[in-house]
2 protein chains.
Amino acid sequence: MKQQAAFRALADPTRRAILKRLQGGAMSAGEIGEAFDITPASLSHHFAVLKQADLVRTERRGQFIVYSLNSTVVEDFARMVLDLFPAKGKTGAKG
Amino acid sequence: MKQQAAFRALADPTRRAILKRLQGGAMSAGEIGEAFDITPASLSHHFAVLKQADLVRTERRGQFIVYSLNSTVVEDFARMVLDLFPAKGKTGAKG
DNA sequence: TAGATATTTAGACAAATATCTAAATAAGAC
DNA sequence: GTCTTATTTAGATATTTGTCTAAATATCTA
């Protein structure tokens with residue numbers, strides 16, 4: 001997994017909001033953009049950062065480019081986060 | 001919890017390494033710094049960012065300032081991360 | 001073909017950030 | 001009190017980053 005890319009991607013509030021918005025399901029770039037007050041170009045930049053971190057996947061559908069969450073990454077990422085802290089005495093699982 | 005501060009703090013690899021280093025237990029600023037090739041001033045800057053995010057706590061002990069992980073934050077933070085992704089374990093459609 | 005829509009790419013720019021050196025602060029040793 | 005050690009703060013600078021406008025690319029429709 002692309003650790004640094006994922007942490008960096010999540011550091012921006014707009015990108016976290018994009019991920020949140022994708023929780024409801026796949027959405028085109030334009031639909032995602034409706035919720036934000038930035039230009040399509042800026043949005044596209046954020047998509048690129050999220051893609052580079054493997055947090056989202058894309059699929060072209062006609063004129064549209066549809067974005068969806070790469071849900072499998074969450075496990076790796078959450079584990080990575082937990083791994084930054086000492087084991088929390090439960091189930092003796094070591095991080 | 002200081003969401004943005006925490007995400008931002010973790011975006012830097014040096015700061016993540018500092019947290020890792022603190023897993024072994026509390027440590028003075030100087031001891032932490034032995035593992036890194038940056039000046040004490042730069043290190044101090046990273047400490048400030050981590051403190052602002054409540055990820056570490058400090059305690060002066062004589063000449064030294066001892067840093068320790070604020071372990072309670074991990075739960076909030078992990079939950080926050082998980083919250084960015086769709087609920088898992090029920091519909092878990094992996095694709 | 002031309003034109004409209006959807007999205008990305010390129011280039012520029014201001015704000016944020018990581019780093020440094022130098023100076024300041026705090027505590028212990030003499 | 002003065003010196004030494006530990007750490008932070010202040011100020012400067014180069015890099016990174018988020019945003020914009022303008023242009024390019026891709027697809028659809030007539």
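Letters A, B, ... mirror the listed sequences (proteins, then strands); counts begin at 1.
- Of all nucleotides present, only dA10(C) satisfies the Watson-Crick or G-U wobble test against dT21(D), with each distance under 3.5 Å.
- When Watson-Crick and G-U wobble pairs are counted only if both distances are under 3.5 Å, dA29(C) pairs with dT2(D).
- Distance, Ile65(A) CD1 to dT25(D) P: 15 Å, rounded to whole Å.
- Between dT19(C), dT7(C), dC20(C), one nucleotide has an atom nearer to the side chain of Thr39(B) than all others, and that is dC20(C).
- Taking CG of Leu50(B) as the reference point, atom CG of Leu55(B) lies at 6.0 Å (rounded to 0.5 Å).
- Along DNA chain D, the nucleotide closest to Asp37(A) and the one closest to Phe64(B) are compared, and the more 5′ of them pairs with Phe64(B).
- When distances run from any side-chain atom of Ile38(B) to the nucleotides dT7(D), dA26(D), dT19(C), the shortest one goes to dT19(C).
- Here the side chain of Arg57(A) pairs no donor or acceptor atom with the backbone of Tyr67(A) at under 3.5 angstrom.
- With rounding to whole Å, His46(B) atom NE2 is found 13 Å from dT8(D) atom P.
- Listed candidates were dA18(C), dA6(D), dC20(C). Nearest to the side chain of Arg15(B) is dA18(C).
- Listed for the Arg16(B) side chain is a donor-acceptor partner under 3.5 Å among the backbone atoms of Leu10(B).
- At whole-Å resolution of the value, CG in Leu43(A) and P in dA6(C) are 14 Å apart.
- Applying the 4.0 Å criterion to OP1 and OP2 of dG18(D), one finds that Ser42(A) has every side-chain N and O outside that range.
- Counting any heavy atom pair closer than 4.0 Å across all strands shown, Arg8(B) reaches sugar-phosphate atoms only and no base atom.
- Counting to the nearest Å, the C1' atom of dT8(D) and the CD atom of Gln63(B) are 15 Å from each other.
- Under the Watson-Crick or G-U wobble criterion, with both distances below 3.5 Å, dA26(D) is paired with dT5(C).
- Put simply, CG on Leu19(A) and NE2 on His46(A) are 11.5 Å apart, with the number rounded to the nearest 0.5 Å.
- Rounded to whole Å, atom C1' of dA6(D) lies 15 Å from atom CD of Glu59(B).
- You'll find that the side chain of Tyr67(A) is closest to dT8(C), out of dG18(D), dT8(D), dT8(C).
- No donor-acceptor distance shorter than 3.5 angstrom exists from the side chain of Arg21(A) to the backbone of Gln23(A), with no hydrogens or angles considered.
- The side-chain contact (heavy atoms from CB on, under 4.5 Å) test with Ile18(B) singles out one residue from Val56(B), Ile32(B), Leu69(B), and that residue is Ile32(B).
- Both Gly62(A) and Asp12(A) lie near DNA chain D, and the one whose nearest nucleotide falls closer to the 5' end is Asp12(A).
- Across all strands, Ala41(B) comes closer than 4.0 Å to base atoms (heavy-atom distances).
- Atom CZ in Phe47(B) sits roughly 14 Å away from atom P in dA18(C) (whole-Å rounding).
- Summarising the geometry, the separation between CD on Glu31(A) and P on dT7(C) is reported as 8 Å, rounded to the nearest angstrom.
- For Ser28(A) and dT7(C), the shortest distance from a side-chain N or O to OP1 or OP2 is below 4.0 Å.
- Listed nucleotides: dT19(D), dT8(D), dA18(C). Nearest to the side chain of His45(B): dA18(C).
- Distance, Phe36(A) CZ to dC20(D) P: 13 Å, rounded to whole Å.
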